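Position 1 is the first residue of the sequence, and the numbers go up from there. Just so you know, these numbers come straight off a predicted model, no measurement behind them.
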Amino acid sequence: MCGFVGCIFDFEQQKDIMWEENFYQMNNQIIHRGPDDEGYFFDEYVSFGFRRLSIIDIESGHQPLSYENDRYWIIFNGEIYNYLELREELIKDGLQLETQSDTEVIIAIYSRIRERVVEKLRGMFAFAIWDKQEKELFVARDPFGIKPLFYMEKSDRLFVASEKKSILSILENDRVNQESLQHYLTFQYVPEPLTMTNDIYKLEPGHYMKKRIGEPITIFPYWKVHFQPVVKDEVAHVYEIQNALYDSVEVHMRSDVPVGAFLSGGIDSTFIAAIAKEFNPNLKTFSVGFSHEGFSEVDIAKETASKLGIENISYVVSPEEYMKELPRIMWHMDDPLADPAAIPLYFIAREARKHVTVVLSGEGADELFGGYNIYREPEALKVFEQIPRPINNLLNRVARILPEGVKGKSFIERGTTPIEKRYVGNAKMFIEEEKQLLLNKYKSGIEYTTVTSKYFEQSKGYVPVNQMQYIDIHTWLRGDILLKADKMTMAHSLELRVPFLDRGVFEVAAKIPPELKTASQTTKYVLRKAAEGIVPEHVLHRKKLGFPVPIRYWLKNEMYEWAFNLIQESPTEYLFDKKVIFQLLEDHYKGKRDYSRKLWTLLSFMIWHQVFIEQKYDFTPSMEDKKEAVSLIH
């Protein structure tokens, strides 16, 4: 696990005597991603920088790595779980490999089949390969977007990096991307490929990019989400799920360093931990909670760990340290993310890093197996399918003019609105009318549907549940779930692995009929069946909380004054009408309505603005930070 930064341009034609010093600074921004080792490669066209966190054999994994008499050079972030099998195939075919690393396996395969290398890889990855002979850069990202990859193309220069801050450190740009801001206010994250910074983008999951000197970049998809339900006996689906998960967990535990697991009160992390325990009886698990009643899964997690016979280490987060660490957390995020669950993840990752270097987690199960309650909505709204369209339209108009809070308003609105217009993913903060009041420079033509419409078009023909899964995999999963998972763990030089997001597991999940996902008035029905006898009974049918955070209570009490001062002092009047924001805070404080998530979306942005636009805080790593990061390992 590591981080990298790369740049390609013609150095001879664009002299820059300060370039190497600037480039070292770009790489220095991501010490937290790799405190064990660093490396550089420069030629007349390419600069590669690398930082490594040692998971398997540091000596053979030093990067940048060259291959075939220095023709090819690679920088790689991630883990390839089938690299041993791929290595065997290469050796049988007569190739000589000098290291035991998965990095060399990638570059060796690329030398033979070029871009089709991505079809062979099982794992999480982002990498760049430079072919000196062809003068071509090849960049790729894993199918689900587990590992991040940012890029910027400007004046025939292409920058690629594991974190946006590496590119941002040399970019004189303090402007907020207006399109990204409008989408952020709907989704609570910036949907890919956009970032909150003009000119910097993310390479989307399941895509690769090519760049030749003097030519623009070209981007191609290589993997697509495809649901293909197969009707067969429920027991057969259960058997396939169990086999796929056992296989995935086993390969995800390949490591030369200690492997632990996050453990909440839900079925996903418990299923992973229960299987992992069979491969490592001494597995350590980690849980987080809050002292506020009803917002902690620590007791449930401890009971689960006890029944599984494994150790559990927990941490309780206070509202004071929650507020204190927010600026640093937002620095690690790169872009604003308004998911309150990101912060407890930061703290439990810090605790876990004291004991292990790798953790397993349950991300992805909800999107693959139908774990969100909203996936049951199409069944509840079927009644509206029997009503003639003119009456549906009339009901919709009536519902829209009803005051907020009137019973049945939301149900009628949703039932009379086509799915492609009502469903934007797992989170929906501000609607367009609210954004028009809130933003000083609201732009029409970039409504939230401009993000989701292409995915609804691609998923046309799927039943509603599969369409909703398709939307979430392409938006919520990569924009929120995996973003915070990577950023919050790597903030502490901790590698997180997600066995549910494995191609083999997805192939099994894609065959499950929708009715087996939301059967019996529950979610993840068939996954729960697969967990029977493996997961303790008290977890099996328990509603997942997923790092719940008492934000709505704190904003009325411990956080009210902090929030008020933040809004008042934030120099964001050029973006927002602050009267609207203060009114939201006041109405929430007085209990008129729960505006906590909308407020948190705005407060998170203001903290991000402090860090990256106002530059109120400086978290740039120093040499002392570097020594401290290295001491974590040694």
Practice task
Tell me whether the centres of the aromatic rings in His609 and Tyr574 are closer together than 6.0 Å.
Solution key: yes

Practice task
Compute both the distance and the angle, then confirm whether Lys154 meets the cation-pi test with Phe159: under 6.0 Å from the six-membered ring centre, within 45 degrees of the axis.
Solution key: no

Exercise for the section: Work out which heavy atom in Lys524 is nearest to a heavy atom in Gly371; give both atom names and the distance. Expected result: CG-CA, 3.4 Å

Exercise for the section: Could you tell me the separation between the CE atom of Met488 and the CD1 atom of Ile329, rounded to the nearest 0.5 Å? Expected result: 6.0 Å

Practice task
Check whether any side-chain heavy atom of Leu501 lies under 4.5 Å from a side-chain heavy atom of Leu368, and answer yes or no.
Solution key: yes

Handout entry: Pair Glu457 + Lys454, salt bridge at N-O below 4.0 Å
Key = no

Problem - Side chain to side chain, Asn77 and Arg51, heavy atoms closer than 4.5 Å - result: no

Exercise for the section: For the residue pair Glu153 and Tyr201, confirm or rule out a side-chain donor-acceptor distance under 3.5 Å. Expected result: no

Handout entry: Salt-bridge criterion met for Glu204 and Arg478 (N-O under 4.0 Å)
Key = yes

Handout entry: Check against ring-ring contact (aromatic ring centres under 6.0 Å, His included), Tyr560 and His588
Key = CA-CA 10 Å; Tyr560 174 78; His588 179 82; 9.3 Å; no

Handout entry: Any Leu181 side-chain heavy atom under 4.5 Å of Leu439 side chain
Key = yes

Problem - Flag for Glu363-Ser361: side-chain donor and acceptor within less than 3.5 Å - result: yes

Handout entry: Any Ile567 side-chain heavy atom under 4.5 Å of Leu603 side chain
Key = yes

Problem - Heavy-atom pair with the smallest gap, counting every atom of Tyr184 and Ser604 - result: OH-CB, 3.6 Å

Problem - Short side-chain donor-acceptor distance under 3.5 Å, Thr186 and Lys435 - result: yes

Handout entry: Side-chain heavy atoms of Arg376 within contact of Gln521, under 4.5 Å
Key = yes

Problem - Carboxylate-amine/guanidinium contact Glu379 Lys382, below 4.0 Å - result: yes

Exercise for the section: State whether a side-chain donor-acceptor pair under 3.5 Å links Ser459 with Asn466. Expected result: no

Problem - Sidechain N-carboxylate O distance under 4.0 Å for Arg400, Glu433 - result: no

Practice task
Using a 4.5 Å cut-off on heavy atoms from C-beta on, say whether the side chain of Leu185 contacts that of Tyr448.
Solution key: no

Exercise for the section: Answer yes or no: does atom OH of Tyr589 have more than 12 heavy-atom neighbours from other residues, nucleotides or ligands under 6.0 Å? Expected result: no

Exercise for the section: Compute whether any side-chain donor of one residue and acceptor of the other, for Tyr372 and Trp476, lie under 3.5 angstrom apart. Expected result: yes

Exercise for the section: May I ask you to check whether Phe582 and Phe564 place their ring centres under 6.0 Å from each other? Expected result: yes

Handout entry: Gly362 versus Ile272, closest heavy-atom pair with distance
Key = CA-CG1, 4.4 Å

Problem - Close side-chain approach of Lys487 to Leu337, heavy-atom, < 4.5 Å - result: no

Exercise for the section: Answer yes or no: are there more than 12 heavy-atom neighbours, outside Lys428 itself, under 6.0 Å from its atom NZ? Expected result: yes

Exercise for the section: Identify whether the distance between the nearest side-chain nitrogen and carboxylate oxygen of Glu377 and Arg422 falls below 4.0 Å. Expected result: yes

Problem - Residue Asn440 excluded, over 12 heavy atoms near CG under 6.0 Å - result: yes

Exercise for the section: With ring-ring contact (aromatic ring centres under 6.0 Å, His included) as the test, would you mind laying out the steps for Tyr322 and Trp562 before giving the verdict? Expected result: CA-CA 12 Å; Tyr322 194 99; Trp562 167 83; 8.4 Å; no

Fill in the blank from the handout: Between Trp600 and Ala338 the two heavy atoms that sit nearest each other are CD1-O, 3.3 Å

Handout entry: Distance-minimising heavy-atom pair for Glu192 and Pro205
Key = OE1-CD, 3.2 Å

Practice task
Check Leu168, Asp334, Val176, Asn177 against Thr197 for a side chain to side chain contact (heavy atoms under 4.5 Å, CB included) and give me the one that passes.
Solution key: Leu168

Problem - Set of residues satisfying salt bridge (charged side-chain N to carboxylate O under 4.0 Å, His left out) with respect to Glu320, sequence neighbours excluded - result: none

Fill in the blank from the handout: Between Tyr375 and the options Thr523, Asp472, Asp366, the side chain to side chain donor-acceptor pair (under 3.5 Å) test singles out Asp472

Problem - Polar contact flag, side-chain donor to acceptor under 3.5 angstrom, Arg350-Tyr315 - result: yes

Exercise for the section: Identify whether the distance between the nearest side-chain nitrogen and carboxylate oxygen of Lys443 and Glu179 falls below 4.0 Å. Expected result: no

Problem - Close side-chain approach of His332 and His32, heavy atoms under 4.5 Å - result: yes

Problem - Glu561 atom CD, neighbour heavy-atom count above 12 within 6.0 Å - result: no

Completion exercise
Here the pair of heavy atoms bringing Phe411 nearest to Phe384 is CE2-CE1, 3.5 Å

